[in-house]
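Because the structure is predicted, anything quoted here is derived from the model rather than measured. Just so it is clear, the values below take in all heavy atoms, side chains as well, and ignore hydrogens, waters and symmetry mates.
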Amino acid sequence: MNTKKLQRQIKKRPIEYARMTVQLLFLFFILYVGLRFYLFYNHFATFGEAPFVERPPAVEGFLPVSALIGFKVWISTGDFDPIHPAGLVLLTFIVGSGLLFRRSFCSWICPIGTVSEWTGKLGKMIMKKKTYDLPKWLTWVLSPIKYLVLAFFLKYILFDMPAAAALDFMFSQYNVISDVKMLTFFLNISSFAVKFILVIFVLSLFFKNFWCRFLCPYGALIGLGSLLGITKIKRNEDTCIDCNACTRVCPQRIKVSEKKAVLTPECSACMLCVEACPVKDTLTVNVAGKKVNKWFVPAAFFGVFALVYITARLTGHWETILTYEDFKYLISIVESIGH
């Protein structure tokens, strides 16, 4: 593709290319965080022979269960998790953001969502732009799975687990070193896990965002906030020309062209449908009953995200209280923890 043609496409579809750029930037950032965390772990695993690298707090974003238990303790006792504070900050913001920004996290930041979506793009290239979708009956069968998994964790942690038990777990060796346990899981990944990942990859080649649409409980939790309908996409039936452009571009396979308003929790606020609509003011973004620009939701999401991060850093709710000596001891016995 020549430069002029690319510039014309970017000008025509600025949201799509901006989102792709942000997705890739965050994916590279997460890979950087993963590398730094491995180097941090390797320093202790080699008994100090490898150089020391500071532990990146952002790795706690991959500990949703730990963060949910930290949230349970927080709302029960008022004590903010000092072990994995960044994880609790991220969970609270990301889930809370669903109320106003829908699943913006899923479509703009989430690295798993990015890999899933780009796998679908790869599949479309391999199959020469032909797309597939599951039969409607199978979609109905698969759709509840992520909500059932979510319900299990919410019931077990938020409702059934006593506050004292949650507090004990928060300070247990297993939770304290859970980020390292996660790393060692992938460093010594089982054949079953590899097969599972390969199955999801193949399914994602043929069916858009298979993981996000049917299996991700985190996305399901974020999406629940959108049920209040504070932010929604409306379709003007009088000016709609039934071209189905909005439905074709939707990563979640929502039939936008058949709805008066997109209220489903599956909507990830990617704004691709609004951008794809060829008729002005036929698809509009509405927040609290007021029409806003298509850039408002993603821009506000990142603005609030930055504010939350800065506030967490300034108030001491980002860095763990664990010391160098704590990690030195716990990593030396990590294989025995949890067995």
Side-chain angles (χ1 to χ4, degrees), residues 1 3-27 97-98 100-110 113-125 129 131 133 208-209 212-213 219 222-223 226 229-305:
M1 182 183 296
T3 304
K4 287 185 178 180
K5 186 176 179 181
L6 179 60
Q7 288 175 340
R8 284 196 300 269
Q9 288 198 6
I10 293 175
K11 189 175 181 180
K12 187 179 178 181
R13 296 179 291 173
I15 281 274
E16 180 179 354
Y17 281 90
R19 195 171 74 92
M20 288 166 58
T21 300
V22 171
Q23 283 180 326
L24 290 176
L25 287 174
F26 267 90
L27 181 60
S97 70
L100 184 58
F101 308 121
R102 303 186 73 92
R103 285 171 54 187
S104 292
F105 169 78
C106 300
S107 63
W108 289 81
I109 291 180
C110 179
T114 296
V115 171
S116 178
E117 189 172 333
W118 283 72
T119 300
K121 292 179 188 294
L122 175 62
K124 195 172 180 180
M125 290 171 56
K129 297 189 177 181
T131 57
D133 209 352
K208 261 187 179 181
N209 283 19
C212 305
R213 291 167 61 198
I222 301 167
S226 65
I230 297 175
T231 297
K232 56 190 165 220
I233 293 168
K234 286 187 174 181
R235 182 175 68 92
N236 187 332
E237 294 179 284
D238 295 330
T239 58
C240 180
I241 60 175
D242 297 318
C243 65
N244 290 318
C246 52
T247 296
R248 286 197 300 271
V249 298
C250 178
Q252 305 302 323
R253 305 298 285 172
I254 301 168
K255 298 191 181 300
V256 182
S257 56
E258 299 176 6
K259 300 180 180 296
K260 289 184 179 180
V262 180
L263 298 172
T264 172
E266 300 305 311
C267 175
S268 60
C270 64
M271 300 298 153
L272 296 184
C273 60
V274 179
E275 184 167 79
C277 182
V279 183
K280 185 178 180 181
D281 291 334
T282 295
L283 279 182
T284 57
V285 185
N286 288 257
V287 178
K290 294 184 178 180
K291 186 174 128 179
V292 298
N293 185 277
K294 64 186 177 183
W295 290 97
F296 174 82
V297 171
F301 170 77
F302 283 107
V304 176
F305 190 10

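- Atoms CG and OG1, on L263 and T231 in that order, are 11.0 Å from each other to the nearest 0.5 Å.
- Heavy-atom minimum distance, P265 versus R103: O-CD, 3.2 Å.
- Atom OG1 of T282 and atom CG of N236 lie 5.5 Å apart (nearest 0.5 Å).
- Using a distance-only test at 3.5 Å, with no hydrogens or angles considered, no donor-acceptor pair links the side chain of E266 to the main chain of Q252.
- Minimum interatomic distance between C270 and P251 (heavy atoms only, all atoms of both residues): SG-CD, 3.7 Å.
- Residues passing the side chain to side chain contact (heavy atoms under 4.5 Å, CB included) test with I109, sequence neighbours excluded: F26, F105, F301, F302, F305.
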Intermediate values then yes/no, side chain to side chain contact (heavy atoms under 4.5 Å, CB included), I254 and K259 = CA-CA 9 Å; I254 301 168; K259 300 180 180 296; 3.7 Å; yes
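- Checked against salt bridge (Lys or Arg N to Asp or Glu O under 4.0 Å), R213 has the following partners two or more places apart in sequence or in another chain: D133.
- If you take CG on N209 and SG on C106, they are separated by 9.5 Å, rounding to the nearest 0.5 Å.
- Here NZ of K294 is found 10.5 Å from CE of M271. Values are rounded to the nearest 0.5 Å.
- Here the CD1-SG distance, from I233 to C246, works out to 9.5 Å after rounding to the nearest 0.5 Å.
- Atom NZ of K255 is surrounded by 12 or fewer heavy atoms from other residues, nucleotides or ligands within 6.0 Å.
- At a threshold of 4.5 Å between non-hydrogen side-chain atoms, the residues P278 and C243 count as touching.
- Under a 3.5 Å cut-off, the side chain of T247 and the backbone N or O of S257 do form a donor-acceptor pair.
- The minimum heavy-atom distance linking N286 with T284 is given by the pair ND2-OG1, 3.1 Å.
- A salt bridge links R19 and E117; the closest N-O separation between the charged side-chain nitrogens and carboxylate oxygens is under 4.0 Å.
- When every heavy atom of K208 is checked against every heavy atom of R253, the shortest pair comes out as CD-CD, 3.8 Å.
- At least one side-chain heavy atom of M20 sits under 4.5 Å from a side-chain heavy atom of E16.
- V285 is not listed as a side-chain neighbour of N293, based on a closest heavy-atom distance of 4.5 Å or more.
- Salt-bridge check for E258 with R235: failed, with every basic side-chain N at 4.0 Å or more from each acidic carboxylate O.
- Take D281 and apply the salt bridge (Lys or Arg N to Asp or Glu O under 4.0 Å) test, not counting sequence neighbours, and it matches K291.
- Between C212 and G113 the shortest heavy-atom distance is SG-CA, 3.8 Å.
- Residue W108 comes nearest to V22 through the heavy atom pair O-CG1, 3.4 Å, listed as atom of the first residue, atom of the second, then distance.
- Between N244 atom CG and C277 atom SG the span is 11.0 Å, to the nearest 0.5 Å.
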